[in-house]
Amino acid sequence: MSKSGGNAVDPSVDPVVVEIIKGALKACGDEMESVIVRTSMSPFIREKGDHFSGLTDRQARLLYTTNDRAGPGMIEAIWEQYPASVMRPGDVYWMNDPYLLRGAISHSPDMCFIAPAFFGDELIGYSLCFGHFWDVGGSRPGSISPSNTDIFQEGLAVPQVRIVEQGKLNDELYRTILRNSRFPDMLEGDTRAMMAATRIGQSRLAELFERYGGDVTEAAFEELLYRSEQVVRKHIGQYSKPGRYTFADYVDDDCVTDTPYRIELTVDIKEDGVATVDCTGSDDQAKGPINYLLHPDICRMMFSRFLLRDDRTVFQNQGAYRAIDEVKLRPGSVLQPTRPAPLGLRAHTLHRFLNSVLGVFAQATDGGTPAGSPDYVIVIMHTLDPKTGKYVLCTDGLGVGQGARPFADGLDVIYSRRQKNYPIEFLEGTYAMRIERFGIAPDSGGPGQFRGGLGIIRDYRVLAENVMLATRMANRKTPPWGVKGGQAGRTGGIWVNPGAPDERHIPGFSDGIKLKRGDLVRVVSTGGGGYGDPLERDLAQVEDDVADGFVSVAAALADYGVVIDPNALMVDREATEKARAERRAGRQGALPFYDRGLQFEELERLHAQKKTIASPKAATTA
């Protein structure tokens, strides 16, 4: 990919036309998403929204995406087997092998579909999408298991294939792929939804060329790329101090050992861009499935997604990440694993990488970013129906608290970006379970002038026999960091039959936990980090939090120095002023810029001990 800056559009092109074409690209993406949602069958796509649609130009430069960290690299992988010269109108290409995609798709359940768009006989661009499929085979229902130790246990790997050739479905290949899923009907419904969505993109791109002509349409594309690049460069120039910054975070463990894995970024920021993103200091690849195969352009997107946050008039497109130059990755590391390393739970490493990007900009902007946020939580329950011989699978993603912002509290109970939590009615109507509690987890948000977002408490009552439980909850060893005096978020936990004689505390990453009818599974998710000095939090906000059940009376005093009358639930101002004055007087020096939780310093000490004096390991630059 060329890292050089683009040029503004020819001034002879009507700016109104540019805006119309910009709106048409977004409308096309929204239409593709609507087709996927309305015609797919699996809950992860239909209910939760784990899918993406995008459009590129003929050079595979991303023009529009509905997902701010997906799109680049897919088409280039297809070209390796099917160059543009052999593509024809009506073709659709399919693949999901993360290693062949070089991280454009980073675990096997995400299958991507790509369709070339033609205007007459001329290839003019591409329509692409992916979805997280319910099951693609592998060692466990759902294809993702914390116990997997190689990619072959994570389901079917589809290389570059032409599933539709000039409008005709390759039925033999299609039936073969469907046969490898425990839920073939869902897989068929979802894949047909994806193929239908790509056809929408093909048609809408061709309509733009028909209406405005190739020269005008492509000039508008160039202008949209240029605008996004300029916004990113302007943001860096205005808000980030040039220099070299390093930030590190940890994944608790790799699911099959108790070893924490360190993610490290060293970033060189210049006056109007990012000169280098060096990821080579991250730990070696893991035995378990937390490895994250990071595509260099996805890395760039993770920077530009932050830098575009204040300007909604431009798209996250290829132009947006032109301002991020060199990306250094080390083969054999947790961010660039070698096949057949497992990748299924790569989201936990991905989220630590995203938080490290945020941590870098927190330094460069003197706290002009939100505090740290935790990973989402996933609870998986499955069983085999003895009467039908069919699997029953529930994969439930749960929201967590987001980091507090420099101007407001963090958002409460967010699963992931634009994805959704399952409605209770859906869970109880589809699976043999009853949700007996679903509410805010009090005191889970990190204390600060602005409080970290809150996690949740959810109780599942199991109403079936012989159910197997798997869990995914990180941030127990290193909670989401607080910034500028804010404190780290509070960690959660998972229990079976809490308070009963047979109570069990379940590890954050676990698999094969046996459940019986009547068991209760309780999940308490983690809150976000706090921002600013907790003793500067507005008294009325603390009072409201206590009244709402977000903060307990005890935590109001312990965390914020606020004395609350437990009966009236009102602030005792005189006692509060005294308590806060005593707290301030007892402090030794300024509050730390970061609060990393109780275990972070020990993890850093152990990491330094493990470091050996050896020749540097080779890195790749992209």
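Each residue takes its place number in the sequence, starting with 1.
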Could you give the distance from [atom1] ([X]) to [atom2] ([Y]), rounded to the nearest 0.5 Å?
X	Y	atom1	atom2	answer
H351	S416	NE2	OG	4.5 Å
F209	T217	CZ	OG1	5.0 Å
L398	I414	CG	CD1	13.0 Å
L100	I105	CG	CD1	12.5 Å
N317	L55	CG	CG	11.5 Å
Y245	F361	OH	CZ	10.0 Å

For the residue pair [Y] / [X], report whether a side-chain donor-acceptor contact shorter than 3.5 Å exists.
X	Y	answer
D190	S42	yes
S139	N148	yes
S282	S333	no
T276	D278	no
S304	Q316	yes
S147	D511	yes
D311	T313	yes
Q202	S127	no
N96	S108	no
Y64	S53	no

Using a 3.5 Å distance criterion without hydrogens, assess whether the side chain of [X] forms a donor-acceptor pair with backbone atoms of [Y].
X	Y	result
Q153	D150	yes
R233	D272	yes
Y174	E188	yes
T349	I290	yes
S145	R140	no
Q166	R88	no
N291	G288	yes
Y99	A341	yes

Could you tell me which non-hydrogen atom of [X] sits nearest to which non-hydrogen atom of [Y], and how far apart they are?
X	Y	answer
P146	T471	CG-O, 3.8 Å
V314	S228	CB-OG, 3.6 Å
M301	N67	CE-O, 4.1 Å
I263	S356	O-OG, 4.1 Å
Y422	P43	OH-CB, 3.5 Å
G344	H107	O-ND1, 3.0 Å

So [Y] and [X], do their side chains get closer than 4.5 Å, heavy atoms only?
X	Y	result
I378	M473	no
L128	T56	yes
F426	R46	yes
E47	P423	yes
P289	I144	no

Going by the salt bridge (Lys or Arg N to Asp or Glu O under 4.0 Å) test, name the single residue among R61, R322, R300 that passes it with E229. R322
Please walk me through it: do R211 and E207 pass salt bridge (Lys or Arg N to Asp or Glu O under 4.0 Å)? CA-CA 6 Å; R211 182 174 181 182; E207 288 169 5; over 6 Å; no
Please determine if K420 forms a cation-pi arrangement with Y415, meaning its NZ or CZ atom is less than 6.0 Å from the six-membered ring centre and no more than 45° off the ring axis. no
Cationic tip of K26 within the cone over F315's six-membered ring, i.e. under 6.0 Å and within 45° of the normal?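 No.
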Show your working on side chain to side chain contact (heavy atoms under 4.5 Å, CB included) between F353 and M302 and close with a plain yes or no. CA-CA 9 Å; F353 185 89; M302 290 184 186; 3.3 Å; yes
Check this for me, if you would: do [X] and [Y] make a salt bridge, where the nitrogen-to-carboxylate-oxygen distance has to be below 4.0 angstrom?
X	Y	result
D283	R262	no
E264	R330	no
R182	D135	yes

Kindly state whether the ring of [X] and the ring of [Y] have centres lying under 6.0 angstrom apart.
X	Y	answer
Y93	F113	no
F44	H51	no
Y250	Y261	no

List the steps and the verdict of salt bridge (Lys or Arg N to Asp or Glu O under 4.0 Å) for R58 and E122. CA-CA 10 Å; R58 70 179 80 219; E122 182 184 10; 2.9 Å; yes
Strictly by side chain to side chain donor-acceptor pair (under 3.5 Å), give each pair with a member in residues 336-348 just once, sequence neighbours left out.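 Qualifying pairs: S106-R346, D110-R346, Q285-T338, H348-D375, H348-R472.
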Side chain to side chain contact (heavy atoms under 4.5 Å, CB included) evaluation trace for L307 with Y239: CA-CA 10 Å; L307 297 164; Y239 300 110; over 6 Å; no
Is there a side chain to side chain contact (heavy atoms under 4.5 Å, CB included) between V92 and I114? Walk through the geometry before answering. CA-CA 6 Å; V92 179; I114 293 146; over 6 Å; no
Could you walk me through whether K168 and E165 pass the salt bridge (Lys or Arg N to Asp or Glu O under 4.0 Å) check? CA-CA 5 Å; K168 183 179 180 181; E165 184 171 5; over 6 Å; no
Could you walk me through whether R38 and E33 pass the salt bridge (Lys or Arg N to Asp or Glu O under 4.0 Å) test, one step at a time? CA-CA 9 Å; R38 293 178 181 179; E33 294 285 278; over 6 Å; no
Before you tell me yes or no, could you show the steps for I124 and D57 under side chain to side chain contact (heavy atoms under 4.5 Å, CB included), namely the whole-Å CA-CA distance, both residues' side-chain angles and the distance that decides it to 0.1 Å? CA-CA 6 Å; I124 57 172; D57 66 6; over 6 Å; no
Only one of V136, L178, L393 clears side chain to side chain contact (heavy atoms under 4.5 Å, CB included) with F183; which? L393
Only one of T66, T198, V35 passes side chain to side chain contact (heavy atoms under 4.5 Å, CB included) with C129; say which it is.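 So, applying the side chain to side chain contact (heavy atoms under 4.5 Å, CB included) to C129 and each of T66, T198, V35, only T198 qualifies.
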